[in-house]
Amino acid sequence: MAHVTGLAAARHQLLSDKDWDVTRQGLAGAAPMRIFASSLRHESINRAVSLLGLGLDNIEYVPGDDSGCMSVPDLNRMLRHESGRPTIICLQAGDLNTGQFDAFDQICPLAHKHGAWVHIDGAFGLWAAASDKYRHLLRGAEQADSWATDAHKWLNVPFDSGIVFVARPEAHLASLTTRAGYFVAAPESARDQIDWNPEWSRRSRGFVVYAALRELGRTGVAEIVDRCCAITRQLVDTIDAMDDAEKMAEPVINQGLVRFLSADGNHDQRTDEVIERIRNGGTAWFGGTDWNGKRVMRISVCNYRTTDEDVTRTLDAVRAALAG
Ligand SMILES: Cc1ncc(COP(=O)(O)O)c(C=O)c1O
């Protein structure tokens, strides 16, 4: 819903730039929109695009550079083609495989030169801004038009605490605001949540987020970020040093990828078997995924309670699964 909200504001703004009020007139007859995204994007972007009637076929994939991040020269070339077309550019702050960040400082000015809207999926990565060590990864992100993030990842609050920030309040409000006769009028100065998100009724999700932020403060969030990143690095490097194991990419933040090798060359099967043995052991849980055509094991560390002892036990569990 954070993506839906950010992209609804984008849709409203970009079509209103073409003298079209999408809230009243709908999409039929409107200028056709396009969405630029890279292979790093999360599938939840596609879902928001389809829910908003923008059409999955209107997503144009921008090639990636060596690290998978959106290639700026390719984006430039694509923006120049049909340059008057309303365009949303979806960028990634911390992708779920290697934690990669797009080049916001180069892409935002380029996008705005062409009148495009920039939306950043920072489900993990926006929290890195709290850390002195990782803040540089977000350079330029402040120029984006909307950000989505999850408090239920690095902030460790219960599920369902998605957050959206929209830099254009008029477009945000115009795309969602609603009134009904039975409403109790809020004082002029009060911000009524119904105007800013897709739900009519909504429990006070913001309360736990506020409580967690008050409890942790900036330094507390930075400690969680730094610690989870250090643990991820330790897990990836230690597994890489084990016989028959291989690191697939350097972790950028708290996401890493490894795989397990088989003497008969069937590394995909061995990787799935080792993942299953680790899970069945009951000490740690890792997911498997496809990455650059290979089966790999995802290492994703978010929990503030993970101790050094947990890391040691996890590494022992990986060793045992590999030996088994
Ligand atoms: C990068 C990224 N974006 C978006 C999401 C959507 O997550 P949720 O539905 O939990 O908000 C996820 C979930 O893992 C993610 O990793």
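Residue indices begin at 1 and follow the sequence shown. Values in this document were obtained by computation on a predicted structure and should not be read as measured data. Whatever order the structure lists ligands and atoms in, that order sets their numbers, starting from 1.
- Closer than 4.0 angstrom to ligand 1 by heavy atom are His42, Ser44, Gln92, Leu96, Asp121, Ala123, Phe124, Asp150, His152, Lys153, sorted by chain and number.
- Although no hydrogens or angles enter the test, the distance criterion places no donor-acceptor pair under 3.5 Å between the side chain of Asp74 and the main chain of Met70.
- Taking the ring-ring contact (aromatic ring centres under 6.0 Å, His included) definition, one finds that Trp20 meets it with nothing, sequence neighbours left out.
- Using bins of under 30°, 30° to 60° and over 60° for the plane-to-plane angle, the ring pair Trp200/Tyr182 lands in the tilted bin.
- Residues satisfying the side-chain contact (heavy atoms from CB on, under 4.5 Å) criterion with Glu188, sequence neighbours excluded, are absent altogether.
- Annotation: side-chain contact (heavy atoms from CB on, under 4.5 Å) contacts of Ser50 (sequence neighbours excluded): Leu56.
- To the nearest 0.5 angstrom, Ser262 atom OG is 7.5 Å from Glu273 atom CD.
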